[in-house]
Amino acid sequence: NFNYYDIMFSPSLPKYNDYMGTPYEALSRIEMDYSRKIIDLAMDMVSAVLESSPETERAAAERYMIEVWSMLHGMILLQNSTLATYVVSDPMKVYAHIVDDIIRVIKR
């Protein structure tokens, strides 16, 4: 679903701050609140995984969440643009290994 991903994450599309002071500000605020709930849910999951780690403060959980989020977005963009196929013959196999590595690191 390349087009769905592009619509959701394209930096050229207006974001919450772009609607401030416009008739769409209230609607944009609702969308921002839902987005924040999704981020909080992800933070809760990362925090739960990190409970066994001595470094469980929120800043650490935020950092891990951003690292994983960035890695996943990068893999999706590489797949959607077909750029990964210029580097490896089977990108999906490489992505599977990367996801396994992420899970292994987070579970430590």
Side-chain angles (χ1 to χ4, degrees):
N1 294 316
F2 172 82
N3 292 326
Y4 293 154
Y5 185 87
D6 198 42
I7 288 169
M8 290 187 301
F9 299 110
S10 172
S12 62
L13 294 175
K15 305 292 186 273
Y16 171 70
N17 289 339
D18 298 319
Y19 290 107
M20 304 265 310
T22 73
Y24 299 107
E25 183 175 352
L27 181 61
S28 181
R29 181 73 191 143
I30 293 168
E31 190 278 331
M32 182 65 157
D33 290 342
Y34 279 110
S35 296
R36 188 74 228 167
K37 288 177 184 178
I38 292 168
I39 292 169
D40 289 342
L41 178 63
M43 289 293 301
D44 290 345
M45 289 187 292
V46 169
S47 295
V49 170
L50 293 175
E51 280 180 359
S52 61
S53 170
E55 189 182 56
T56 58
E57 75 262 5
R58 183 167 176 88
E62 287 172 346
R63 188 178 70 249
Y64 287 123
M65 184 193 68
I66 294 296
E67 287 176 18
V68 171
W69 192 4
S70 298
M71 178 124 13
L72 293 174
H73 278 294
M75 289 188 308
I76 292 167
L77 288 172
L78 287 170
Q79 180 65 25
N80 286 347
S81 68
T82 70
L83 288 173
T85 60
Y86 289 92
V87 181
V88 296
S89 60
D90 188 355
M92 296 306 284
K93 185 175 180 180
V94 173
Y95 302 149
H97 284 289
I98 291 170
V99 170
D100 288 343
D101 290 344
I102 291 170
I103 292 169
R104 214 176 0 267
V105 168
I106 289 176
K107 284 187 174 182
R108 280 191 226 167

Glu67/Met71 under side-chain contact (heavy atoms from CB on, under 4.5 Å): CA gap, chis, key distance, verdict: CA-CA 6 Å; Glu67 287 176 18; Met71 178 124 13; over 6 Å; no
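- Residues Val87 and Tyr95 are members of one and the same hydrophobic cluster, defined by side-chain heavy-atom contacts under 4.5 angstrom among Ile, Leu, Val, Met, Phe, Trp and Tyr.
- In plain terms, the two heavy atoms of Asp18 and Thr22 that are nearest each other are O-CG2, 4.1 Å.
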Candidate pair Asp40 and Arg36, rule salt bridge (charged side-chain N to carboxylate O under 4.0 Å, His left out), full reasoning: CA-CA 6 Å; Asp40 289 342; Arg36 188 74 228 167; 3.3 Å; yes
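- Under the 4.5 Å side-chain heavy-atom criterion for ILVMFWY residues, a single connected hydrophobic cluster contains both Tyr86 and Leu78.
- No donor-acceptor distance shorter than 3.5 angstrom exists from the side chain of Gln79 to the backbone of Met75, with no hydrogens or angles considered.
- Between Leu27 and Tyr19, every side-chain heavy-atom pair lies at or beyond the 4.5 Å cut-off.
- Without hydrogens or angle criteria, Ser81 side chain to Leu77 main chain gives a donor-acceptor distance under 3.5 Å.
- Separation of atoms NE2 (His73) and CG (Asn80) is listed at 11.5 Å; rounding is to 0.5 Å.
- No path of Ile, Leu, Val, Met, Phe, Trp and Tyr side chains, each step under 4.5 Å between heavy atoms, connects Met20 with Ile30, placing them in separate hydrophobic clusters.
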Steps toward side-chain contact (heavy atoms from CB on, under 4.5 Å) verdict (Leu72, Ile98): CA-CA 9 Å; Leu72 293 174; Ile98 291 170; over 6 Å; no
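- Residue Tyr16 places its OH atom among more than 12 non-hydrogen atoms of other residues, nucleotides or ligands, all under 6.0 Å distant.
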